[in-house]
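Just so it is clear: chains get the letters A, B, ... in the order the sequence lines come, proteins before strands, and each one is counted from 1.
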Amino acid sequence: MNYRNVLLGGVAALCLYGPAMAADTDVTIVLNEELETVEPCMSSQSNIGRVLLQNISETMTELNPEDGSLMPRLADSWEDRGNGTWRFHLHEGVTFSDGSTLDAADIKHSIERTLSPDLTCEIGAKYFGGMTITPTVVDDLTIDVTSDPAQPILPLLMSTMTIVPAETPMEFTRSPVGTGPYAMTAWNPGQNIILDRRDDYWGDQPAVTKATYLFRSDDAVRAAMVATGEADISPLINQIDATNADTDFAYPNSETTYLRLDSSIAPLDDIRVRQALNMAVDREAFLGTLVPEDAQIATHMTVPTTLGADQDLSVPAYDPEGAKALLEEAKADGVAVDTEILLLGRLGNFPNVTEVMEALHGMFTDAGFNVKLQMVEVAEWVKYYSKPYAAQPVPSMVQAMHDNNRGDPVFSMYFKYACEGLQSGICDPDLDKAIADATATAGDGRGPAWAKAFEIAHDLSADVFLFHMVGFSRVSERLDFIPSIATNSELQLSQIKFN
Amino acid sequence: MTETQTEAVPKTKEPGKFITILRLLWADKVATTAAIFVLIVIGCAILGPILLDGVATKANLRGRNAPPFDLSKGFLMILGGDQLGRPLLARIIVASGNTIAVATGAVVASMIVGSSLGLIAGYSRGRLGQVIPRLADVIMSFPSLLLAVIVLYMLAPSVGNIVLVLAITRIPIYLRTTRAEVLEIRERMFVQAAQVMGASTGRIIFRHIMPMILPTLLTIATLDFAFVMLAESSLSFLGIGIQPPEITWGLMVAQGRPYLTSAWWLSFWPGLAIILTTLSLNLLSNWMRVALDPTQRWRLEIGGKKNG
Amino acid sequence: MADRDMQGPLLQVQNLTVTFQTARGPVHAVRNVSWHIDRGEVLAILGESGSGKSVSASAVMDLIDCPPGIIETGEIFYQGRDLLKMSRGLRRTINGKKIAMIFQDPLAHLNPVYTVGWQIEEAMTIHGMAQSKAQAETLRLLRKVGLPDAEVAAAKYPHEFSGGQRQRLMIAMALALKPDVLIADEPTTALDVTVQAQILQLLQELQAETGMALLIITHDLGVVAEVADRVVVMNKGEIVEQGTAAAVYANPQHPYTKRLMAAAPGQGALHEGEQSSPILELKDLRKSYGAFEALKGVSYVLHEGETLAIVGESGSGKSTTARLMLRLEKATSGQAIYKGRDLFTLSDQELFRMRRDIQMVFQDPTQSLNPRMTVYQLISEAWAIHSDILPKTRWKSRVAELLDQVGLHSEHMHRYPHQFSGGQRQRIAIARALALEPRVIVCDEAVSALDVQVQGQVIALLDRLKAEYGLSYIFIAHDLPVVRDFADRVVVMQGGRIVEQGPVRQIFEHPRERYTRDLLAASLDPDPEIQARRRAARLGKEVA
Amino acid sequence: MQSFLTKRAISSGVSLLLLIVAVFFLSRLTGDPTDLYLPVDASAEARENFRELHGLNDPLIVQFGHYVADLVRLDFGESIRRARPALEVVIEAFVWTFQLAVITMAIVSAAAVSLGALAAFHVGGAFDRIATFFSLIGASAPDFWIAIVAIVVFAVGFGWVPTSGTGTVWHWILPIGVLFIRPFGLILQVVRGSMISALGSAYVKTARAKGVTPKKTIFVHALRNAMLPVITVIGDQAAALLNGAVIVETIFGFPGVGKLMIDSILQRDFSVVLAAIMVTALAIFLMNILIDLAYAALDPRIRY
């Protein structure tokens, strides 16, 4: 026995380890950021969602990304019992990956846990702010959920609520247990997360037996990994790298980019100035250049598949001369149109954001505005974007990207347009009323109610809307999987088939 | 050398300092080329922003990523267009202004502060001599990225503040070098000779010690110049450096990086500018190390023909 | 072995010309140099710095680097074969084995990071000796060159030995393979006189034992007188004279040799100083570095207008007294009374004024002159510091005057120190000291680094200035013949104490203390005959 | 030796303490993690609740007091983002960084020292010029640029190595290759300079007079003497690597402490930042001791 043999043997073993063990039904998915936690109540964060949502942790209801309708998942059915109370009937025979059976107590615990102040779960903070939710167990398979104030879309909200066993402690878990078709079998922080298919899943057996998640923050690397066979799916690649029609798919990602105008400060308090800003932007020029060709020019805060957002509104045509004329007019009325306006961009917000902002800066300047561009990281950006503003009040246009993949504008409109909305740059009584009305409206009237709110915001030129964005995924040719709007927040392994 | 010294002082007239330096430079052709390149860059840095600023910032989205070596779009597009259709050549020239300003500012500031502290630390035998090196240790182990975030968050990501960040992180280099040299030089005989004459501390430091350290500091500064340019570029890559609409070479490389496979010229030309400039500075610094050292200088003085 | 005599000398250098590329163009380091050496013979190459005396030896050992050195012409025959035509590999088998070399400054020439045992062993193992045998041989050699405790010594590093011991180590290493020729390049320079005598004696003994040829390269006439059979005198790269040591000394032919012999110190008239009033008085001066006592109570008096020499070997504390007096270091205790004031208790303000009165000339002008200042700046700095001495408008003319006084030209004012020779630099240093118009000048080994002739000139200059300005000197030196020629009174120091002090004639002709007598006996006389007599006396004593 | 270690520990301890104080207070100037942690739509109550939960409402000095009190009990605090002990997170990452640093420095040192020594032996020769030129070019290129080009060429183009990640020895080749370039050029230059002066020294002359072969003269007599300044530079470079190679770690998806540090800084996860600084500072302190020991081992004149 000599050292050299041992050493060579070791090296050989190391080389063989890894790629050689992959089976035909295994997939490798490369995400853009490492998961900081694997806590189900955090799965509204896109990367946590892509691993956990509906793979490990399921929800009572599920949103159909194609038509915005609501589908049953853990709950077979639900009904409105008035006064803000909804009753959910659970599917029978569902088991958690730890072997226990799903019952109403688990749902109750999950809701309480998600909304607990001791945990600061993102799902709680993001979807259930400003309301009180009270779960009441009726029997093992029936639960009443009451909200105050009443929520016409409570079943929709429940499509975000991940369900964990009643035994889950009130702290972030490192070994998530859920009812989904997969269970987490390994988590090597910094390296990978491995999910294995459960044999005792209550629903249909999916094709994928094992999924390995890797994390690479560099766009080009993620794209290259699918090309070299090191990964099968990269849910997010840069549009620049999406060059292979066979593997690269564009999908609307429910994100809307816009410039939030602060209309409380001169000269942005003048509607003509805001209109002029809208006219100064040559939106067409971006498409197919800095912004993917499949992106849509936005007229609303939410994507067209959202309730009430399917109506025909339009953005003003590109008209720098018209913008100048409007400015002159405002100037004649004593509006300080020469004031420097801060154009604030958020670094890394979407691919090419810096270039887009540079181009916008150029367009505004061409139309006669005095605009100063500043690109900042998120911590500073928030100081300008969200109330209470930590930054000095200056006339500003804050670039932002809003994501509403829940199908209902309620998640957007209050925050962005109500006087009290945290990111609202406008305060208009009519608009406030329209939002409040629509929020409280249930049933068929809800769509037209939102459409009205959209229209008021549009007529006020409250923002400079840019695009409903698309994302790009690269999927290995050995898989039968087409990314959809849902890919932005989840990646259901059960939807992946093999060619 | 002592073997060949003669008692008689050579009668030849010594040429002026500047001429001597030029002659020494000419003896090293590689260094001469490097010096000329650096001069061109400095020229661009001073004149570029004045002459070309308008051209370099004029976006043309429909003509983006225009390939290089195509003269039909005008001379400025010879290196191609960038992701907004702006001529790369013009942008590189304009960006040299900020790039050189950042590098020069950071190097000069850190050299002045660092070497002053180093002088004090090296010359004072009291508590300061103990405390200042600790300060250097603290700066050395303070994560430079955190420093960048602190400064850029509290102030703004402007050229001046980038200079501040980079200057602070480079202070220890000068501090440590100066201190080590002072510790050695202050024991030299000619310093004692000055003491015997009654020279004040200030005089000893500025007339006797400083001129001895200066060549070493200049050599380090030249190398550091290159380092700072690369560091600035890395900050841009990580998104905590200079931000548009300001431009630097580092930022251009960082912004062009995603296009590496589709439009290589976006990051290649500014990258080349960085490489050539740092390379020139490194070569110049190598030359300076020889030219400033009397025991090495003969290599240049005799070796014009064979000893580049 | 037998056929060597037929082929001529053991080692012969013929018509050797070596050129070095320098900043000022090519310089002929040696030109047409020829010499030879035989078994059992001691040949000395005598020359001043810059004479090229070491170059031919370097050529023999293949130590000339190319560039900057080029051997242009010549042959070097060793046992009839031309070394210069051999391959480098072949020459390596001769180096160390057949021809070995030792150098000046053994500390620098021994590798600091290996034990001396390893280094001596290596000299043998590279020429094929087995490790175990080389180890035993190393211990034998160490004993042979007189190092006590050979096993312990072999495991030590060069810096743990004294200067004399290190030269013994070098000799042990060189003699490891019993070479035919040993080249000793300034083997005793910078060693104390008593140690020098021991090393030379060791070399002579070893030569007598092995019958090797010994080539000594030196600038010291005393060394030539002590050991050489024949001498080659070199000047400016050429041989000016050669012959037996006695003949060359007694009857030099070439003008250069004549000048050289005449400049040898220790031959002039002794000063007969008359007593004047004291100007500076040291009282019970003590200095400790931690537990080590460098000065153990030193007291002496300097009188107005006299030259007081302080002699002693390294470590005797002779320089420390001067450094304390000038407040370059702090005395542990004691007083230095100058004009009735204790120098050690002066305030900064008073000290500043006192600086004008007491100046210093250091040993090595290369280091004591700031290399980045011109002569003008160096000298006028005195007036920049003490602005009341001279208005700025007169600086230039005064610098010219001072340069003139120390024997330099006023047009040298704008040159830098490195453009001058060693002697000229020391003159600049003297001019700088004079610029403050001092009363006392401390000369710390001020002429030790200079060549004999230059030494004589500088001493003469100092003597003249003393008369012109009414100066007093404290002259610190280890070189007794120079002291003999220059001093009025002498203080002999050893181990931080004064052994003996008195007028120069008393110390040199009637030394009272044994240490003084040993010191004088170890000092070499340039006359081979005198050295031969002393040698005989020594041998006689040993026999007795 | 013992007193030397004590002295070093005290002075490093003082520096570390100053560093912690500086980082603690300065980093809080960069804003509140609340805004970054919670979604922008989070209500004011949720924000307040979060601040209360993580003690962010206390005055800074009180927060610092708590931190130090915990630190004394070796509790480095909890990572806000990861809901795990900060030290655990840091150690996990540091192991990777440590391996990367050690392997890279071993390769760099071996290559730079041997090639630098050879370059010094024939100053101005072809080998010297080529080595100098390429080491300079390598040291002049932005490393993220090199990294991406390396991936495009070697992983995607030739398919010789994986693009990124960890797992097999092949995964290490690109990151190490990219990290190699800059220290290699720097150390090579130092080795070269130091060797030139060592080869010109008196003891080398002695060795030549003894008949020692050129190879042995370079690698036995001169190199060991020339190593002291080289070791200093190697130490500096190793320290830089131990602090994390942010760019390489980011691009190659290497879960090291550099990436962790930048992420935590951007997310204002202060406990992790502080723990990372302390862990790396300790590692660098230990490494400096090793370097001092190496000095002593190489040069018998140095004793502590």
Side-chain angles (χ1 to χ4, degrees), chain B residues 30 130 133-154 223 226-227 229-230 233-234 236-240 249-250 253-254 256-258 260-261 264 267-268 270-272 274-283 286 289 295-296 299 303 306-308, chain D residues 11-12 14-19 21-23 26-31 123-124 129 132-133 135-149 151-152 156 182 185-186 189 193 196-197 200 236 239 243-244 246-247 250-251 258 261-262 264-266 268 273 276-277 280-281 284-285:
Chain B
V30 180
Q130 304 283 319
R134 293 283 82 77
L135 182 74
D137 287 352
V138 172
I139 298 178
M140 287 277 269
S141 22
F142 198 99
S144 49
L145 294 169
L146 177 58
L147 184 74
V149 171
I150 291 171
V151 171
L152 303 180
Y153 181 86
M154 297 199 330
L223 290 175
F227 182 91
M229 272 194 336
L230 294 177
S233 150
S234 295
S236 295
F237 169 79
L238 294 169
I240 44 185
W249 291 343
V253 177
R257 186 182 55 91
L260 215 50
T261 46
W264 53 268
S267 66
F268 179 80
L272 191 67
I274 292 181
I275 292 180
L276 287 180
T277 310
T278 50
L279 186 63
S280 301
L281 289 168
N282 276 319
L283 291 170
N286 275 356
R289 214 171 344 191
T295 62
Q296 296 276 322
R299 289 181 192 278
K306 63 186 285 284
N307 211 325
Chain D
S11 84
S12 302
V14 169
S15 300
L16 187 58
L17 205 69
L18 285 174
L19 183 66
V21 174
V23 171
L26 287 175
S27 62
R28 309 284 150 152
L29 297 175
T30 62
V123 179
R129 280 151 170 254
T132 305
F133 188 73
S135 66
L136 283 181
I137 289 230
S140 309
D143 39 10
F144 58 86
W145 198 81
I146 296 180
I148 300 281
V149 171
I151 289 177
V152 169
V156 182
R182 212 177 292 179
L186 202 70
Q189 289 300 318
I196 287 175
S197 67
D236 284 354
N243 266 323
V246 185
I247 294 200
T250 306
I251 291 179
M261 181 96 91
I262 175 81
S264 305
I265 289 171
L266 290 177
R268 316 291 188 258
V273 174
I277 288 172
T280 50
I284 290 169
F285 167 70

- By a 4.5 Å heavy-atom criterion (distance strictly below it), what part of D:Ile277 contacts chain B: side chain, backbone, both, or neither? side chain

- chain D: which of B:Leu145, B:Ile139, B:Leu135, B:Asp137 shares the most heavy-atom pairs with it under 4.5 Å? B:Leu145

- Message: Can you tell me which portion of D:Val152 sits under 4.5 Å from chain B's heavy atoms? Options are side chain, backbone, both or neither.
- Response: side chain

- Task: Select one option (side chain, backbone, both, neither) describing which atoms of D:Ile151 are under 4.5 Å from chain B's heavy atoms.
- Result: neither

- Note on the structure: Of B:Ala226, B:Ala136, B:Ser267, B:Gly250, the largest count of non-hydrogen pairs under 4.5 angstrom with chain D goes to B:Ser267

- Query: Non-hydrogen atoms of chain B under 4.5 Å away: do they reach the side chain of D:Leu16, the backbone, both or neither?
  - Reply: neither

- Could you look at B:Ile150 and say if it's the side chain, the backbone, both or neither that has a heavy atom under 4.5 Å from chain D? both

- Proximity breakdown for B:Ala254 and chain D, heavy-atom pairs closer than 4.5 Å: both

- Tell me, for D:Val273 versus chain B, whether the close heavy atoms (under 4.5 Å) come from the side chain, the backbone, both or neither. side chain

- Item | Contact class of D:Arg268 relative to chain B, heavy atoms under 4.5 angstrom | side chain

- Item | Most chain D-contacting option - heavy-atom pairs closer than 4.5 Å, from B:Leu281, B:Leu238, B:Leu230, B:Asn282 | B:Leu230

- Task: Count the heavy-atom pairs under 4.5 Å between each of B:Pro133, B:Ser234, B:Gly271, B:Gly256 and chain D, then report the option with the highest count.
- Result: B:Ser234

- Please name all residues satisfying side-chain contact (heavy atoms from CB on, under 4.5 Å) with B:Leu276, sequence neighbours left out, ordered by chain then number. B:Phe37, B:Leu272

- Query: If every non-hydrogen atom of D:Ser15 is compared with every non-hydrogen atom of B:Val138, which pair is closest and at what distance?
  - Reply: O-CG2, 3.6 Å

- Query: Between D:Ala281 and chain B, which part of the residue has a heavy atom less than 4.5 Å away: side chain, backbone, both or neither?
  - Reply: neither

- Note on the structure: With sequence neighbours left out, the residues meeting ring-ring contact (aromatic ring centres under 6.0 Å, His included) with D:Phe144 are B:Phe237

- Item | Euclidean distance, B:Arg134 CZ relative to D:Leu18 CG, rounded to 0.5 Å | 9.5 Å

